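Just so it is clear, the model here is predicted, and its values are computed rather than measured. For reference, positions follow the sequence shown, starting with 1.
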Amino acid sequence: MKHLLLLLAALASSYSAFAQHGLKALVKDAKDLKPLPGVTVSLPALNQQASTDMNGEVQFHNIDSGRYVITFRYVGYRSFTDTVQIPSA
């Protein structure tokens with residue numbers, strides 16, 4: 001099975017409105033470093049899910065600060081689960 005390379009770019013980029021934050025990730029193939037479109041990314045604790053765009057990017061908005069489990073799934077690849085920390089403003 002192939003492996004995902006997760007580049008959590010600007011991982012807890014902060015928006016200053018009402019202490020809400022955003023999360024941005026770039027997902028690439030670990031071997032050839034090509035972006036992966038259509039990867040399902042989920043934040044189970046928030047009941048949120050999105051797919052990467054054609055550039056392998058995904059964004060979540062209006063996230064409170066805290067620690068969250070994030071999961072990446074893609075057909076033909078191993079799933080990857082990690083935790084992310086969204087900082088306080």
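Between L43 atom CG and I86 atom CD1 the span is 8.0 Å, to the nearest 0.5 Å. Taking CZ from R73 and OG1 from T40, the interatomic distance works out to 8.0 Å, rounded to the nearest 0.5 Å. Here the straight-line distance linking atom CG of L26 with atom CG of L36 works out to 9.0 Å at 0.5 Å rounding. Here CG of N55 is found 10.0 Å from NZ of K28. Values are rounded to the nearest 0.5 Å.
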Subject >> Full working for side chain to side chain contact (heavy atoms under 4.5 Å, CB included) between Y68 and L23 >> reply: CA-CA 11 Å; Y68 298 96; L23 176 81; over 6 Å; no
Original post:
Given the rule in the side chain to side chain contact (heavy atoms under 4.5 Å, CB included) test, do I70 and V41 qualify, once you have shown the distances and angles that lead to the verdict?
Top reply: CA-CA 7 Å; I70 187 167; V41 183; 3.8 Å; yes
Original post:
Going through the checks in order, is the side chain to side chain contact (heavy atoms under 4.5 Å, CB included) test met by V58 and V39?
Top reply: CA-CA 9 Å; V58 65; V39 175; over 6 Å; no
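Between Q48 and F60, the closest heavy-atom pair is OE1-CD2, 3.3 Å. Of all heavy-atom pairs between P87 and S65, the closest is O-CB, 3.4 Å.
Y77 has its side chain within reach of D29: a pair of non-hydrogen atoms, C-beta onward, lies under 4.5 Å apart.
Few gaps surround CG on D32; more than 12 heavy atoms of other groups in view lie less than 6.0 Å from it.
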